2 protein chains.
Amino acid sequence: MAGRVSRYTEIADDLRDQIKRGALAPSAQLPTEKELAERWDVSPNTIKKAVNELRQEGLVDTVPQKGSFVAEPAAPFVITLNHTDLGEENAPGRGFGGGEGRAFVAEAERQEHRANSSKPEVQVEDAESVHMKALGITPVPPDQPQPQVVRRSQQRFVDGKPNSLQHSYFKLELAIEAQALLKSADIEEGTVAYLQSRGHVQTGYEDEFNARPPKEEELKFFGLSRGSLAVIEHTRTAYDQRGEPFRLTITVYKPGTNRIRFIAGDVPAEVWERGS
Amino acid sequence: MAGRVSRYTEIADDLRDQIKRGALAPSAQLPTEKELAERWDVSPNTIKKAVNELRQEGLVDTVPQKGSFVAEPAAPFVITLNHTDLGEENAPGRGFGGGEGRAFVAEAERQEHRANSSKPEVQVEDAESVHMKALGITPVPPDQPQPQVVRRSQQRFVDGKPNSLQHSYFKLELAIEAQALLKSADIEEGTVAYLQSRGHVQTGYEDEFNARPPKEEELKFFGLSRGSLAVIEHTRTAYDQRGEPFRLTITVYKPGTNRIRFIAGDVPAEVWERGS
DNA sequence: GAGTGGTCTAGACCACCGG
DNA sequence: CGGTGGTCTAGACCACTCG
């Protein structure tokens, strides 16, 4: 019977079961790999493979020289990407700001979570080709000086825990006419409103979703170890009233603890309210 | 210098580099694990770990008893989830159908891809709690007969290749008053239009995104091996004119070959047109 | 210093694929 | 049949954390 299933699958199934049943409570430490190896009478590598499975499913967090722990049950923080407020039907920016900057904090507060973000790190750098494409920058041959962009990066936290990383890219020319983009400080009125005052009204956007393994930097920020869950990457290209792309925002979410959502048309109020 | 980086990372980096440079062309077979082990003078397990990295990044597909192959470059099929057509501003369903059923095929044709989907598999089954919650079904104690739902599942292909799996769930009562839901056949006019004719007008929906490792069934359908890229799961709960949830659709996409997108407000026409 | 997971070795046997 | 990757062993050393 058990012959059809590999040993490590069997072990992973057992651990998964214990977690789901609650025999292993959230944040509890799993038995050490050595202990598991003895209990199942298998070699350490087999245990590692089993634990690896659970890590990829997001059920377990492994902290390198400490141990593996049952992941906190998705403290579901819901990020609604296409609304900013529940007030006026025609409030400025309604339907156009969610998930970014101050909207992120507001959304959290509505759900009775505490959100904060780091001071933006501002960097001027050579544009990567994806960024150029999105921002409508014409590429130049590799032997010539490359076009540059301004990147504003923030780390975002919910209830003190790492939640997402956000990078916004702007053409350098835009940053020169809207210099707050170059300051490593929050833009008081919000980026959308600020840019609107400088003549770039956000009239629409295009969103894309992707899943990919975390980069080294993201592993560190989220406190994950290698072989963890994939991250969700949300890319928003914002267009102004002339139909020109003027902002590219890439947000990387740790999945499991985030629910990323969109709402269209009429849905019951309690759907909007639903936080956790 | 190389001492700081683990051996398998080094090997993965080298292979990744060869793929990106084109030294290993798409669909070409990688050197066998044995060969790599000899070339790098490491043990087989180290090679496996390196190849595993590339699999998780979607750069390589491994076919168990045959070999590892460079993945085809993402033939990007763009699925726009919130529009059905580019015609009339107020065309029925505009903004409300994208990505589902016939809309999927239409979207593909616009991008000059050929899409088709399998005949729907219809199953009546006990509702899982997450489905009950979404459809607003009140749970009953586990010792009583469980509420049931109708599941309609389709496999979807683009250019003959597996693209996504879609499962739609309906309350059993709804299927009784709208019996086409119970037939294992495409609904000619589209599910949204059909249900509208039965008194359930789709007035809004809520979308959620998640990333998770593929299930066994999905591995098989997508032709992936274990440890591959995460799949993207898109959940749509549709609400009718009374504000009642009446349909739950879960679509599982193989990432890399799909770009999943949303559009809001005004964007230039070429953004809509952008297929590949 | 004891304990943890991360990396790595040098083999082994198996199942499945192709010719 | 030989070749492939999948699984597994029984160790080893290392880097890091914690008390």
Side-chain angles (χ1 to χ4, degrees), chain A residues 1-15 24 27-56 59-71 213-214 216 219-220 223-228, chain B residues 1-15 24 27-56 59-71 213-214 216 219-220 223-228:
Chain A
M1 158 109 195
R4 289 213 53 87
V5 178
S6 60
R7 209 82 174 90
Y8 77 87
T9 308
E10 211 181 328
I11 299 170
D13 287 348
D14 179 64
L15 288 170
L24 282 167
S27 93
Q29 181 169 4
L30 264 63
T32 68
E33 298 191 351
K34 187 151 159 283
E35 200 176 324
L36 286 169
E38 281 163 13
R39 186 180 308 173
W40 287 86
D41 192 30
V42 296
S43 90
N45 275 338
T46 304
I47 296 296
K48 281 181 209 298
K49 221 172 166 184
V51 174
N52 215 8
E53 295 269 295
L54 303 180
R55 246 202 309 265
Q56 285 192 27
L59 289 173
V60 156
D61 280 340
T62 299
V63 185
Q65 274 55 45
K66 293 175 69 178
S68 291
F69 303 85
V70 179
E216 200 67 41
L219 284 176
K220 232 189 300 179
L224 302 171
S225 59
R226 253 196 214 70
S228 293
Chain B
M1 162 105 194
R4 291 211 53 88
V5 177
S6 59
R7 209 84 173 90
Y8 77 87
T9 308
E10 211 181 328
I11 299 170
D13 287 348
D14 179 64
L15 287 170
L24 283 167
S27 94
Q29 181 170 5
L30 264 62
T32 68
E33 298 192 351
K34 187 151 159 284
E35 201 176 323
L36 285 170
E38 280 164 12
R39 185 180 308 174
W40 287 86
D41 192 30
V42 295
S43 90
N45 274 338
T46 305
I47 296 297
K48 281 181 209 295
K49 222 172 166 184
V51 175
N52 214 11
E53 293 269 295
L54 302 181
R55 247 200 310 264
Q56 285 192 27
L59 289 173
V60 156
D61 280 340
T62 298
V63 186
Q65 273 59 42
K66 292 177 67 181
S68 291
F69 303 84
V70 179
E216 201 67 40
L219 282 177
K220 233 189 299 178
L224 301 171
S225 59
R226 252 198 214 70
S228 293

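Below, chain A is the first sequence line, B the second, and so on; all start at residue 1. Everything numeric here is computed off the predicted structure, so don't read it as measured data.
Of all non-hydrogen atoms in A:Lys66 and A:Gln29, the two that sit nearest each other are O-NE2, 3.3 Å. Taking all atoms of both residues into account, the shortest heavy-atom contact from A:Tyr8 to A:Ala50 is O-CB, 3.5 Å. The heavy-atom pair separating A:Thr46 from A:Arg7 by the smallest distance is CG2-CB, 4.2 Å. In plain terms, the two heavy atoms of A:Leu219 and A:Arg226 that are nearest each other are CD1-CG, 4.0 Å. The minimum heavy-atom distance linking A:Ala12 with A:Leu54 is given by the pair O-CD2, 3.8 Å.
Between A:Val51 and the choices A:Arg55, A:Glu53, A:Lys49, the side chain to side chain contact (heavy atoms under 4.5 Å, CB included) rule is met once, by A:Arg55.
Atom CG of B:Leu24 sits about 7.0 Å away from atom CG of B:Leu15, to the nearest 0.5 Å.
Judged as a side chain to side chain contact (heavy atoms under 4.5 Å, CB included), and not counting sequence neighbours, the contacts of A:Pro64 are A:Ser225.
One atom, CD of A:Glu38, and another, C1' of C:dT4, lie 14 Å apart when rounded to the nearest Å. Between the CD atom of B:Gln29 and the C1' atom of D:dG5 there is a distance of 11 Å, rounded to whole Å. Remark: P of C:dG5 and CG of A:Leu30 are 9 Å apart, rounded to the nearest angstrom. Rounded to whole Å, atom P of C:dT4 lies 8 Å from atom CD of A:Glu35.
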Watson-Crick and G-U pairing of DNA chain C, under 3.5 Å, as dot-bracket with | and [ ]
||||||||||||||||||.

Where along nucleotides 6-12 of chain C does protein come under 4.0 Å, by heavy atom, of base (B) or sugar-phosphate alone (S), with - for untouched nucleotides?
BBBBB--

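Residue A:Lys66 places none of its side-chain N or O atoms closer than 4.0 Å to OP1 or OP2 of D:dC16.
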